[in-house]
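Here's the structure we're looking at; comments come further down.
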Number of protein chains: 2
Amino acid sequence: MLLKVSTSTRLAELFSALSDSSRLRIISVLLDGEMNVSEIAAGLEMTESAVSHQLRGLRQMNLVRGRKEGRLVFYALDDDHVKKLYLMGLDHVKHG
Amino acid sequence: MLLKVSTSTRLAELFSALSDSSRLRIISVLLDGEMNVSEIAAGLEMTESAVSHQLRGLRQMNLVRGRKEGRLVFYALDDDHVKKLYLMGLDHVKHG
DNA sequence: TGAATACATGAGCAATTATTCATATATAAA
DNA sequence: TTTATATATGAATAATTGCTCATGTATTCA
């Protein structure tokens with residue numbers, strides 16, 4: 001059934017959050033458990049600034065959440081939907 | 001587990017195909033069955049050119065396929081993965 | 001053949017976006 | 001307090017993208 005423009009826009013925003021290589025790699029490491037910004041940056045060979053900018057977008061879409069502990073902020077996937085979408089997409093890419 | 005850059009790039013391309021309001025609305029009407037370009041354009045209030053450009057992208061990602069019948073080209077969703085990703089995303093947007 | 005219709009496509013423009021660089025804020029340690 | 005560390009963020013820039021407009025190609029009909 002034809003999507004309303006407003007719904008399609010929100011849905012597009014969700015998929016947009018998953019439409020970048022760097023963000024997907026961030027999600028891929030968070031699938032293994034929470035991790036702080038520096039660790040993520042080191043693992044992905046990105047600057048902390050770039051990672052922080054991307055985490056902001058993922059946060060705004062409620063795909064990840066941050067937990068502050070002293071100077072560190074540990075990020076984790078926010079809900080199971082993300083994981084399902086990610087894994088289903090990966091399945092399509094690998095065997096589709 | 002950390003995605004390889006090459007895999008994350010392909011996955012990003014898949015989600016990018018779903019990251020636009022117009023393309024999602026095209027997919028939404030194709031969920032009801034195949035439809036030709038002019039009908040899609042009329043239903044979505046887009047030019048045929050714009051629809052054709054978007055269908056090209058969807059075709060290249062193997063998300064839709066076209067079947068030519070005389071002057072008309074009927075498009076349909078290419079596989080069930082698309083439908084699943086779309087519906088799961090929609091669920092997240094509506095109740096997530 | 002010639003005109004009309006359906007769709008595809010290239011060029012160009014405006015808008016969006018991912019990154020870098022510089023700087024700000026918060027916490028901890030000296 | 002001073003210094004260092006971890007993260008966040010604004011501005012600027014380069015690259016990408018969705019659309020329009022013009023045009024090309026295939027098919028049908030007169």
Side-chain angles (χ1 to χ4, degrees), chain A residues 3 5-6 8-30 34-76 78, chain B residues 3 5-6 8-30 34-76 78:
Chain A
L3 276 187
V5 173
S6 59
S8 69
T9 300
R10 290 207 296 146
L11 188 51
E13 283 166 358
L14 170 62
F15 286 122
S16 292
L18 300 171
S19 73
D20 175 78
S21 168
S22 297
R23 283 193 295 275
L24 288 169
R25 278 161 49 82
I26 289 173
I27 289 173
S28 76
V29 304
L30 294 183
E34 64 177 12
M35 197 175 284
N36 69 45
V37 180
S38 307
E39 286 173 334
I40 297 172
L44 270 56
E45 296 182 335
M46 292 173 64
T47 66
E48 288 165 23
S49 177
V51 170
S52 188
H53 276 295
Q54 297 294 14
L55 284 169
R56 186 194 207 183
L58 291 169
R59 228 164 45 219
Q60 284 170 345
M61 285 305 300
N62 292 315
L63 299 185
V64 305
R65 67 187 129 73
R67 177 180 67 79
K68 201 161 179 179
E69 191 175 310
R71 276 179 290 195
L72 308 179
V73 179
F74 288 91
Y75 279 90
D78 195 14
Chain B
L3 276 187
V5 172
S6 60
S8 69
T9 299
R10 290 207 296 146
L11 188 51
E13 284 166 359
L14 169 62
F15 285 122
S16 292
L18 299 172
S19 73
D20 174 76
S21 168
S22 298
R23 283 192 295 274
L24 288 168
R25 278 159 53 79
I26 290 173
I27 289 172
S28 76
V29 303
L30 294 183
E34 64 178 13
M35 196 175 285
N36 68 45
V37 179
S38 306
E39 286 174 334
I40 297 171
L44 271 56
E45 295 182 335
M46 292 174 65
T47 67
E48 290 166 22
S49 177
V51 169
S52 188
H53 275 296
Q54 296 295 13
L55 284 170
R56 185 194 208 182
L58 291 169
R59 231 166 41 219
Q60 284 170 346
M61 285 306 299
N62 293 315
L63 299 186
V64 304
R65 67 187 128 75
R67 176 179 68 79
K68 201 161 180 181
E69 190 176 312
R71 276 179 292 196
L72 309 180
V73 179
F74 288 92
Y75 278 89
D78 195 14

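Residue numbers begin at 1 in each chain, while the letters A, B, ... track the order of the sequences.
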Within-4.5 Å side-chain heavy-atom neighbours: [X] and [Y]:
| X | Y | answer |
| --- | --- | --- |
| B/Leu58 | B/Ile27 | yes |
| A/Leu63 | A/Leu14 | yes |
| A/Arg23 | A/Leu18 | no |

In whole angstroms, how far is the [atom2] atom of [N] from the [atom1] atom of [X]?
| X | N | atom1 | atom2 | result |
| --- | --- | --- | --- | --- |
| A/Glu39 | D/dT5 | CD | P | 17 Å |
| B/Glu48 | D/dT23 | CD | P | 18 Å |
| B/Arg56 | D/dG18 | CZ | P | 13 Å |
| B/Glu13 | D/dT17 | CD | C1' | 14 Å |
| B/Gln54 | D/dT17 | CD | P | 11 Å |
| A/Leu58 | D/dT7 | CG | C1' | 16 Å |
| B/Leu44 | D/dC19 | CG | P | 10 Å |
| B/Arg23 | D/dT16 | CZ | C1' | 12 Å |

Exercise. How close do B/Leu55 and B/Val64 get, heavy atom to heavy atom, and via which atoms?
Worked result: O-CG2, 4.1 Å
Problem set entry | Which residue lies more 5' along DNA chain D, comparing A/Ser49 with B/Glu69 via nearest heavy atoms | A/Ser49
For this session: Run through B/Arg59, B/Arg65, B/Glu39 and flag the one making a side chain to side chain donor-acceptor pair (under 3.5 Å) with B/Tyr75.
Result: B/Arg59
Exercise. Distance check: side-chain N/O of B/Thr47 vs OP1/OP2 of D/dT20, anything under 4.0 Å?
Worked result: yes
Exercise. Can you check whether A/Tyr75 has a side-chain N or O nearer than 4.0 Å to OP1 or OP2 of D/dA6?
Worked result: no
Problem set entry | CZ on A/Arg71 to CG on A/Asn36, rounded to 0.5 Å | 11.5 Å
Problem set entry | Spacing of CG belonging to B/Leu44 relative to CD belonging to B/Gln54, to within rounding of 0.5 Å | 10.5 Å
For this session: Tell me what B/Ser16 touches on the nucleic acid: a base, only sugar-phosphate, or nothing, going by heavy atoms under 4.0 Å.
Result: nothing
Exercise. From the 5' end of DNA chain C to its 3' end, which nucleotides mark the outer limits of contact with chain B, defined by a 4.0 Å heavy-atom distance cut-off (strictly under)?
Worked result: C/dA4 to C/dG10
For this session: Report the residue (A/Arg71 or B/His53) whose heavy-atom-nearest nucleotide on DNA chain C is the more 5′ of the two.
Result: B/His53
